[in-house]
Colleague: 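Quick one: the structure is below, and I'll ask about it shortly.
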2 protein chains.
Amino acid sequence: MIKALHSANDMMIRKLESIFKLTSEEEQALRDLPIQTKDIATNQNIVKVGDQPGQCFFISEGFTCVHKVSAEGKRQIIAIHVPGDIPDLQSLHLQVLDINISTITPCKLGFIKHADLYQLCDRYPRIGAALWRETLVHASIFREWLLNIGQRDAYSRVAHLICELMLRLKAVGLVEEQTFKMPITQAEIADASGITPVHVNRVLQALRSDGLISTHRQQITIPDWEKIQQAGEFDPLYLHIKQEALA
Amino acid sequence: MIKALHSANDMMIRKLESIFKLTSEEEQALRDLPIQTKDIATNQNIVKVGDQPGQCFFISEGFTCVHKVSAEGKRQIIAIHVPGDIPDLQSLHLQVLDINISTITPCKLGFIKHADLYQLCDRYPRIGAALWRETLVHASIFREWLLNIGQRDAYSRVAHLICELMLRLKAVGLVEEQTFKMPITQAEIADASGITPVHVNRVLQALRSDGLISTHRQQITIPDWEKIQQAGEFDPLYLHIKQEALA
DNA sequence: CGTTATATTGATCATCTTCAATGAGTGTGG
DNA sequence: CCACACTCATTGAAGATGATCAATATAACG
């Protein structure tokens, strides 16, 4: 574990800047925030159900997923997190974790002690409010996923998931020319969509042959944004992303 | 709209007391909180997608549900709220609502202005933290619903929903002798579970004939808590209810 | 270059949907 | 007090989306 006083803090600042304008004092406080960075390989558990962590973590690079496992051993991916996200922010106020969080690609994570976050929120209420807001945005995404999984057919579910990732990655500058890296296996798409891997494969083939996506390795290109949006019944309101961040 | 300076405030105090011990100063602040009570009939919209409310509401009596509608007109119930809940607390920090909230029984609601809540959170950070925590608990429930709808069969989904409502109602004193009022139509259970009303009916019959529930009007009795818990793969961890509240 | 993970294909099966009709319960007004 | 209307619950039959099982092809990786 190496102490890095730069990239992770800068990224955190950029994240909050996308929510509201920081004062120089607030910015300095964030710059002084002790963050321990750590590299983690693919498919490693970061935290799991029942844990009582004393810290949160921030994603600098890579993707993680939140998941729960049913008594029958079936896994539901609840959320996919991308650089800039703080997947277990909830642990600040909920003692016991009710979820597992794992890496789905190699990740660079920044760990921040709860004590430091409490202090930060206390001294700079606007930062506290922004972090609260952050948890609310993620809750909003859970709600949309509920609609997606509860009411849409497999084809739309997968299209919707692709649309969401596209926009969220765009908001952090990871999309170029309608193309982005989506380093997620079909089995993971399946667990995130509540369908089987076999069926995901068939749906992806349909999406390709309908011209909604084209893939090369794990690169996805979206030739016609309007069309896939329609197929996925995608309306980005629920992401609560500022327009500016998508320009 | 009548101004009531008693019941709603008391209930809010009781709610927060279940999270942490209030100081007398905090309690007084809550007692002084202006709350406008309002009675609303069944099946009325309270707020809807796109609204930008300047207030939150607190449920004193009755049930409400949060729902979203797909482009194809299918409705997903995202959450069911019971007395003591603040269903749209998120609007404090997210300008535009991404959900609809409606009554599913006649309700007595208490409206609290955002401005007053901001002030309260500012002056009494522990109350702010408790409200933040409240939104996190609801997010946790969304996550469990995702697992429920994404990975479990219809029988388990309905059993799980019944278990959850039972415990949440118990926590606010609305369960007696394993019996409680669940004033929800089968169509609503269907929309909450991602199955059709017809199938809900069949599942309920199965639950009855398996001895997991018995119903009389909208009263549900659970003869064997262990058994239905198992059928629904129900583990109350995700509700983050203190043990004391269920004793 | 062998080994493992991931993607793809085919065939059969089942849960749940859809459609359509009937029955029961609740409330209202004449 | 009954008739009517309305909502909600229940039943039956047929159909479809997606699951399951099993095998193979392809890609990734040390």
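Residue numbers start from 1 in every chain, and the chains themselves are labelled A, B, ... in the order their sequence lines are given, proteins ahead of strands.
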Colleague: Taking side chain to side chain contact (heavy atoms under 4.5 Å, CB included) as the definition, give me every residue that meets it alongside B:Pro106, ordered by chain and number, with sequence neighbours left out.
Modeller: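 Testing B:Pro106 for side chain to side chain contact (heavy atoms under 4.5 Å, CB included), a comparison that skips the adjacent residues, returns B:Thr42.
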Colleague: So which pairs with a foot in residues 43-64 of chain B pass salt bridge (Lys or Arg N to Asp or Glu O under 4.0 Å), sequence neighbours left out?
Modeller: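 Applying salt bridge (Lys or Arg N to Asp or Glu O under 4.0 Å) to every pair that reaches into residues 43-64 of chain B, excluding sequence neighbours, yields B:Lys48-B:Asp51.
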Colleague: So what is the end-to-end bend of the helix from C:dC1-D:dG30 to C:dG30-D:dC1, with 5 pairs used at each end and the value given to 10 degrees?
Modeller: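 The helix from C:dC1-D:dG30 to C:dG30-D:dC1 shows an end-to-end axis angle of 50°.
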Colleague: So which pairs with a foot in residues 192-202 of chain B pass salt bridge (Lys or Arg N to Asp or Glu O under 4.0 Å), sequence neighbours left out?
Modeller: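 Qualifying pairs, neighbours excluded: none.
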Colleague: Kindly check if the number of other-residue, nucleotide or ligand heavy atoms within 6.0 Å of CD (B:Gln52) is above 12?
Modeller: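 Counting neighbours around CD of B:Gln52, more than 12 heavy atoms of other residues, nucleotides or ligands fall under 6.0 Å, so yes.
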Colleague: Kindly determine whether A:Ile189 and A:Met182 satisfy side-chain contact (heavy atoms from CB on, under 4.5 Å), including the steps that lead there.
Modeller: CA-CA 10 Å; A:Ile189 296 175; A:Met182 185 166 135; 3.9 Å; yes
Colleague: Mind listing the side-chain donor-acceptor pairs of residues 219-229 of chain B below 3.5 Å, one per line with the distance, residues two or more places apart or on another chain?
Modeller:
unit_1	atom_1	unit_2	atom_2	d
B:Thr221	OG1	B:Thr179	OG1	2.9
B:Asp224	OD1	B:Glu226	N	3.2
B:Asp224	OD1	B:Lys227	N	3.2
B:Trp225	NE1	B:Gln229	OE1	3.2

Colleague: With B:Arg152, which residues qualify under side-chain hydrogen bond (donor to acceptor under 3.5 Å, both in side chains), at least two apart?
Modeller: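 Result, side-chain hydrogen bond (donor to acceptor under 3.5 Å, both in side chains) vs B:Arg152: B:Glu144, B:Asn148, B:His160, B:Glu233.
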Colleague: Just jot down the side-chain hydrogen bond (donor to acceptor under 3.5 Å, both in side chains) partners of A:Ser156, sequence neighbours excluded, or say none.
Modeller: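 Listed in chain order: A:Asp153.
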Colleague: List, with names and distances, any nitrogen or oxygen atoms from the protein found under 3.5 Å away from nitrogen or oxygen atoms belonging to nucleotides 7-9 of chain D.
Modeller:
unit_1	atom_1	unit_2	atom_2	d
D:dA9	OP2	B:Gln186	N	2.9

Colleague: Write out a two-atom table: protein N or O, nucleotide N or O from nucleotides 16-19 of chain D, distance below 3.5 Å.
Modeller:
unit_1	atom_1	unit_2	atom_2	d
D:dG18	OP1	A:Ala154	N	2.8
D:dA19	OP1	A:Thr196	N	3.2
D:dA19	OP2	A:Thr196	N	3.1
D:dA19	OP2	A:Thr196	OG1	2.8

Colleague: Measure all distances between protein nitrogen or oxygen atoms and nitrogen or oxygen atoms of nucleotides 24-28 of chain C, and list the pairs falling under 3.5 Å.
Modeller:
unit_1	atom_1	unit_2	atom_2	d
C:dT26	OP1	B:Arg217	NE	3.4
C:dT26	OP1	B:Arg217	NH1	3.3

Colleague: Using whole Å, report how far CD of A:Gln219 lies from P of D:dA27.
Modeller: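 Taking CD of A:Gln219 and P of D:dA27, I get 16 Å after rounding.
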Colleague: What residues, two or more places apart in sequence or in another chain, satisfy side chain to side chain contact (heavy atoms under 4.5 Å, CB included) together with A:Ser102?
Modeller: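 Here the qualifying residues are A:Asn45, A:His67.
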Colleague: Determine whether more than 12 heavy atoms belonging to other residues, nucleotides or ligands lie under 6.0 Å from atom CD of B:Gln55.
Modeller: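 Enclosed.
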Colleague: Look at the rings of B:His81 and B:His138 and say which category their plane angle falls in: under 30° parallel, 30 to 60° tilted, over 60° perpendicular.
Modeller: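 Aromatic pair B:His81/B:His138 classed perpendicular.
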Colleague: Looking at B:Ser70 and B:Glu72, would you say the former's side chain and the latter's main chain have a donor-acceptor pair under 3.5 Å?
Modeller: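 Confirmed, B:Ser70 side chain pairs with B:Glu72 backbone.
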Colleague: Without decimals, in angstroms, what is the distance between A:Met182 CE and C:dA7 P?
Modeller: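 Rounded to whole Å, this separation is 10 Å.
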Colleague: State which residues pass salt bridge (Lys or Arg N to Asp or Glu O under 4.0 Å) with A:Arg168; sequence neighbours excluded, sorted by chain then number.
Modeller: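 Expected list: A:Asp85, A:Glu164.
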